[in-house]
Amino acid sequence: INIANTPLNKGNTFTRDGIKYTVINTNPREVEVGTGWHEPNHTAIDSSTQGFLDIPSSVKGNDGITYNVTQIGSFAFCQCTGLTKITIPNTVRQIDFGAFAACYGLTSMTIPKSVDTIDQSAFSGCVGLTSFDVDWQTPPAIGEDVFTNVDLSHVTLYVPAGTKNIYETAFVIKVVQ
């Protein structure tokens, strides 16, 4: 049996380029970043990682098959305090509970219009956050306490042209087009 070519199943995990992934769907082939908060070493990357992180839109599994990255898992980057900027690909639809919680060094975040759900506490404790760049024409479903312990008076939300009024009523945050 050639294990390298055996297709991965839902729930299987693998690491590619230093990022851990979990298969969440086999048809279509989709993964989430991270391995689930209940796992030891649940963070998707080494928590001492520093600087900018560009999450890929697709990744090749250990089985040689390419999977689309569609979710950022619960607590995937929790307490990765050295991260300063993260860009999420336009294949991601959901950011799970506490995905970036306590990323104290995170100053800038770019989220594409493909994200339609941001779960509770996703950015809780991201005290260094100053810039949040989004591409939604209408704000997505956002869970409770997404920005708990974040001083939103120091965060600038960059939004698409013509949407400033929508965002000013949806968020208590400085909005710039």
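This chain uses plain numbering: 1 for the first residue, then up along the sequence. Computation of the quantities below employed the complete heavy-atom set of this structure, encompassing side-chain atoms and omitting hydrogens, waters and symmetry-equivalent molecules. Everything numeric in this text was worked out from a predicted model, so none of it was measured.
Both Trp136 and Phe147 are part of a single hydrophobic cluster, where members link through side-chain heavy atoms under 4.5 Å apart. Tracing side-chain contacts under 4.5 Å through hydrophobic residues (I, L, V, M, F, W, Y), one never reaches Phe14 starting from Ile24; they form parts of separate clusters. There is a path of hydrophobic side-chain contacts, each under 4.5 Å, that joins Ile65 to Val23. Residues Leu152 and Val159 are members of one and the same hydrophobic cluster, defined by side-chain heavy-atom contacts under 4.5 angstrom among Ile, Leu, Val, Met, Phe, Trp and Tyr.
Within the 4.5 Å cutoff, the side chain of Thr6 has no heavy atoms near those of the Asp63 side chain. When side chains are defined from C-beta on, Thr163 counts as touching Gln137, because their heavy atoms get closer than 4.5 Å. With contacts defined as side-chain heavy-atom distances shorter than 4.5 Å, the pair Asn68/Pro28 does not qualify. Considering only heavy atoms from C-beta on, Thr26 stays 4.5 Å or farther from Pro7 through its side chain. Contact annotation: the side chain of Ile19 approaches that of Leu53 to within less than 4.5 Å [non-hydrogen atoms, C-beta and beyond].
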List the steps, then state whether side-chain contact (heavy atoms from CB on, under 4.5 Å) holds for Thr49 with Leu83. CA-CA 6 Å; Thr49 300; Leu83 290 177; 4.1 Å; yes

Applying side-chain contact (heavy atoms from CB on, under 4.5 Å) to Ile55 and Phe77, what does each step give before you reach the verdict? CA-CA 12 Å; Ile55 299 170; Phe77 297 100; 4.0 Å; yes

Using the rule given for side-chain contact (heavy atoms from CB on, under 4.5 Å), can you reason through Tyr21 versus Thr15, listing the C-alpha separation, both sets of side-chain angles and the distance that settles it, and then say yes or no? CA-CA 6 Å; Tyr21 299 92; Thr15 301; over 6 Å; no

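Shown here for Ser131 and Tyr158, the closest heavy-atom pair between the two residues is OG-CE1, 3.5 Å. The shortest heavy-atom contact between Ile72 and Ala76 is CG2-CB, 4.0 Å. Nearest heavy-atom pair, Val31 versus Tyr67, reported as atom, atom and distance to 0.1 Å: CG1-CB, 3.6 Å. Taking all atoms of both residues into account, the shortest heavy-atom contact from Leu8 to Asn62 is CD1-N, 4.1 Å. Considering every non-hydrogen atom in both Ile118 and Ala122, the closest pair reads CG2-CB, 3.6 Å. Looking at every heavy atom in both residues, Val69 comes nearest to Pro56 through CG2-O, 3.3 Å.
Qualifying side-chain hydrogen bond (donor to acceptor under 3.5 Å, both in side chains) partners for Asp151, counting only residues two or more places apart in sequence or in other chains: Ser153, His154.
Going from atom CZ of Phe52 over to atom CD1 of Ile86 covers 9.5 Å, rounded to the nearest 0.5 Å. Here the CD atom belonging to Glu32 is positioned 10.5 Å from the OG1 atom belonging to Thr13, to the nearest 0.5 angstrom.
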Could you list the donor-acceptor pairs under 3.5 angstrom formed by side chains in residues 94-117, with sequence neighbours left out?
{"unit_1": "Gln94", "atom_1": "NE2", "unit_2": "Asp96", "atom_2": "OD1", "d": "2.5"}
{"unit_1": "Gln94", "atom_1": "NE2", "unit_2": "Asp119", "atom_2": "OD2", "d": "3.4"}
{"unit_1": "Asp96", "atom_1": "OD2", "unit_2": "Gln71", "atom_2": "NE2", "d": "3.1"}
{"unit_1": "Thr107", "atom_1": "OG1", "unit_2": "Thr84", "atom_2": "O", "d": "3.0"}
{"unit_1": "Ser114", "atom_1": "OG", "unit_2": "Asn90", "atom_2": "O", "d": "2.9"}
{"unit_1": "Ser114", "atom_1": "OG", "unit_2": "Val92", "atom_2": "O", "d": "2.6"}

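Here the options are Thr91, Thr22, Thr70, the test is side-chain contact (heavy atoms from CB on, under 4.5 Å), and the partner is Glu30; only Thr70 passes.
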